[in-house]
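On a predicted model such as this, the values are computed, not experimentally measured, just so you know. First the proteins, then the strands, lettered A, B, ... as listed; each starts at 1. Values below: every heavy atom of this structure, side chains too, minus hydrogens, waters and symmetry copies.
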There are 2 protein chains.
Amino acid sequence: MSDGPVLERINRGLPTLRRSERKVADVVLADPHKVVPMTLAELAEAAGVSQPTIVRFANAIGCDGFHDFRIQLAQSVALGIPATQSVIQAQDDTGTTVSKIFDFSITSLDHVRRHLDLAAIDAAVAALAASTHIVFVGLGASGIVAMDAEQKFPLFGVPCSAPVDAHQQFLAASTSGPSTAFVAISNTGRTVSILDTVRVARERGAVVIGITGDRSPLAELSTIPLVVESLDNTDVYTPTISRLAQLVVIDVLATMVLLRRDASALEDIRTMKTRLATMRSGLHHEAVRDPNRPGRP
Amino acid sequence: MSDGPVLERINRGLPTLRRSERKVADVVLADPHKVVPMTLAELAEAAGVSQPTIVRFANAIGCDGFHDFRIQLAQSVALGIPATQSVIQAQDDTGTTVSKIFDFSITSLDHVRRHLDLAAIDAAVAALAASTHIVFVGLGASGIVAMDAEQKFPLFGVPCSAPVDAHQQFLAASTSGPSTAFVAISNTGRTVSILDTVRVARERGAVVIGITGDRSPLAELSTIPLVVESLDNTDVYTPTISRLAQLVVIDVLATMVLLRRDASALEDIRTMKTRLATMRSGLHHEAVRDPNRPGRP
DNA sequence: CGGCGTCTTGTAAGTTTGCTACAGAATCAC
DNA sequence: GTGATTCTGTAGCAAACTTACAAGACGCCG
């Protein structure tokens with residue numbers, strides 16, 4: 001009962017609440033922002049119940065008194081209203097829509113952070129740092145993540161590739177070896193071509209890091225499964241959130257691999273960054289080169 | 001003084017604080033998480049000052065009493081410690097590094113949300129909804145964002161393209177017209193080839209939506225400048241955050257354009273999504289097709 | 001349908017917490 | 001070195017939160 005953000009807990013515990021406590025829950029859920037600065041007496045007034053009922057309500061949803069409840073509510077609200085509360089509707093105005101999407105993205109990232117397997121991260125970092133080259137594969141939205149990774153990782157001097165279509169991916173798997181780190185990205189973890197590719201990579205002895213949304217076939221097949229559990233709900237209006245979390249996880253991996261390297265690698269990056277800044281201004285003279293290389297204008 | 005998260009305000013107001021108040025500030029900044037559940041008396045004890053000093057401290061940094069301070073602190077902490085507090089260091093353990101990167105990503109998204117120009121969003125949505133086709137351009141990390149947008153927008157039935165290199169982009173600009181929505185993405189807003197491309201697009205009469213990090217040349221050149229102000233600090237270790245914010249902005253635009261459409265478009269997407277789910281399982285049989293199309297496995 | 005038991009809710013008192021007025025101490029200016 | 005000003009702590013007060021208890025509501029079984 002005491003897991004997760006307060007608002008989620010209220011929703012979950014709704015059926016077990018007494019009638020008056022439920023009135024309190026309704027007031028809180030109706031507009032959490034309004035409740036945050038309220039005093040106990042004010043909330044009692046607003047819900048039409050007595051003050052002790054508020055305290056009992058707070059205890060019922062797993063808080064240690066009203067103080068604790070208010071603090072936890074404030075934190076919940078700061079992270080945005082949970083997804084269940086923020087279904088995007090056609091009649092919402094611009095500000096509301098923007099808020100909902102950002103709130104959802106932020107809440108989701110927070111959720112991923114809390115459910116990340118640190119041991120798996122460590123293992124993945126070790127594998128990546130030990131590899132002589134890295135292959136990133138993904139299709140659709142996950143393909144975007146793979147390309148992003150391909151941009152970020154070569155900074156360490158390790159050759160990277162991110163083959164675009166399933167055939168190229170299969171080929172890359174076929175030519176991989178024990179010193180290859182093979183990073184497969186699939187939110188569903190059930191895309192057949194990715195699974196086939198991963199099987200081949202493992203047969204060739206590559207270390208496979210599987211970034212996926214839950215305990216899926218891909219996770220089973222991977223040497224190091226990395227579950228990035230995002231709150232991808234089924235509402236059509238709600239945009240895909242899994243990419244964001246996957247990108248941040250890539251950031252984490254890249255940063256930690258970098259931290260493993262010595263200061264010289266760091267220096268390389270500094271000089272690279274300054275060179276990039278100067279070349280960027282003259283980019284149009286040599287625009288034919290591989291567009292993925294130039295960096296991040 | 002009363003703008004921004006509390007911790008930032010404390011940092012900013014540090015010089016104007018009295019000596020005892022400063023002791024309080026030190027305690028708070030040293031470990032904000034510890035302070036959140038503290039009572040006024042406890043914090044006074046911890047800082048080695050009297051209780052009224054705490055109250056004066058709270059007022060000094062723009063809070064309305066200790067109550068308000070505690071709530072605001074709780075909210076600040078929920079969004080992660082501000083970037084200034086969380087420089088990633090080599091000796092950090094895995095959990096710390098993960099926390100810092102996620103915190104920073106989340107804080108940054110929150111910052112962007114607060115600084116987004118809603119009028120510009122509205123204008124962009126109107127332009128996108130009115131266009132007959134949409135072109136997304138960006139290089140490097142922004143190129144990734146452009147490709148993501150290309151995956152997302154065709155859902156509405158409007159043809160989209162995201163030319164990959166500078167030449168192709170220039171070509172797309174040259175063939176654009178008044179009914180083209182031209183979305184240029186560049187965090188610096190100073191990449192020369194992008195600026196050249198945008199100039200051409202405008203000459204051809206296209207509506208140019210410029211997504212950029214600050215009031216840059218690109219913003220000046222755009223019909224509708226969309227400033228996505230992320231907290232990209234200069235620390236080498238700190239990963240690029242601008243992509244995330246840009247992706248979320250793309251989500252917002254896509255969602256809002258979709259909301260403008262009628263229910264039929266919605267139905268199209270529902271059926272598309274279910275079809276996608278079934279086809280995904282058999283994808284390897286027809287993997288030669290354009291890998292960007294299949295969706296988001 | 002009515003009485004009894006349990007669960008629920010509000011009243012009231014008690015305790016903690018946060019706030020304010022005031023006075024002493026320190027600091028700075030002259 | 002003295003005076004004025006600013007800062008800091010002591011003490012008391014008001015408000016908020018909590019607990020104990022009793023009245024009321026509800027359901028169950030006779």
(request) Classify every nucleotide of nucleotides 7-12 of chain D by which part a protein heavy atom approaches to under 4.0 Å, writing B for the base, S for the sugar-phosphate alone and - for neither, in 5'-to-3' order. (result) SBBB--

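Distance NE2 (B:H67) to P (C:dT16): 16 Å, rounded to an integer number of Å. Rounded to a whole Å, the CD atom of B:E45 is 13 Å from the P atom of C:dT17. Rounding to whole angstrom units, CG of residue B:L43 and P of C:dG18 are separated by 10 Å. Rounded to an integer number of Å, the gap from B:I54 CD1 to C:dC19 P is 11 Å. Here the P atom of nucleotide C:dT17 and the CZ atom of B:F66 are 11 Å apart, to the nearest Å. Whole-Å rounding puts the A:F69 CZ to D:dC17 P distance at 12 Å. Rounded to whole angstrom, the span from the CE atom of B:M38 across to the C1' atom of C:dT17 amounts to 16 Å. Taking atom CG of residue A:L17 and atom P of nucleotide C:dC7, one finds them 17 Å apart after rounding to whole Å.
Close to C:dG18, at under 4.0 Å from its OP1 or OP2, lies a side-chain N or O of B:T39.
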Would you give me the side-chain donor-acceptor pairs under 3.5 Å for residues 55-67 of chain B, sequence neighbours excluded?
residue	atom	partner	partner atom	Å
B:N59	OD1	B:G65	N	3.3
B:N59	ND2	B:V55	O	3.4
B:H67	ND1	A:R70	NH2	2.9

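No side-chain N or O of A:T107 forms a donor-acceptor pair with one of A:D110 less than 3.5 Å apart. With no hydrogens or angles considered, a side-chain donor-acceptor pair links A:S50 and A:T53 at under 3.5 Å.
The residue A:R22 sits apart from the nucleic acid: no heavy atom pair falls under 4.0 Å.
Listed by first and then second residue, the salt bridge (charged side-chain N to carboxylate O under 4.0 Å, His left out) pairs that reach into residues 14-25 of chain A are A:R18-A:E21, sequence neighbours excluded.
When every heavy atom of B:I71 is checked against every heavy atom of A:A74, the shortest pair comes out as CG2-CB, 3.9 Å.
Just one of A:V257, A:D251, A:T255 meets the side chain to side chain contact (heavy atoms under 4.5 Å, CB included) condition when paired with A:K152; it is A:D251.
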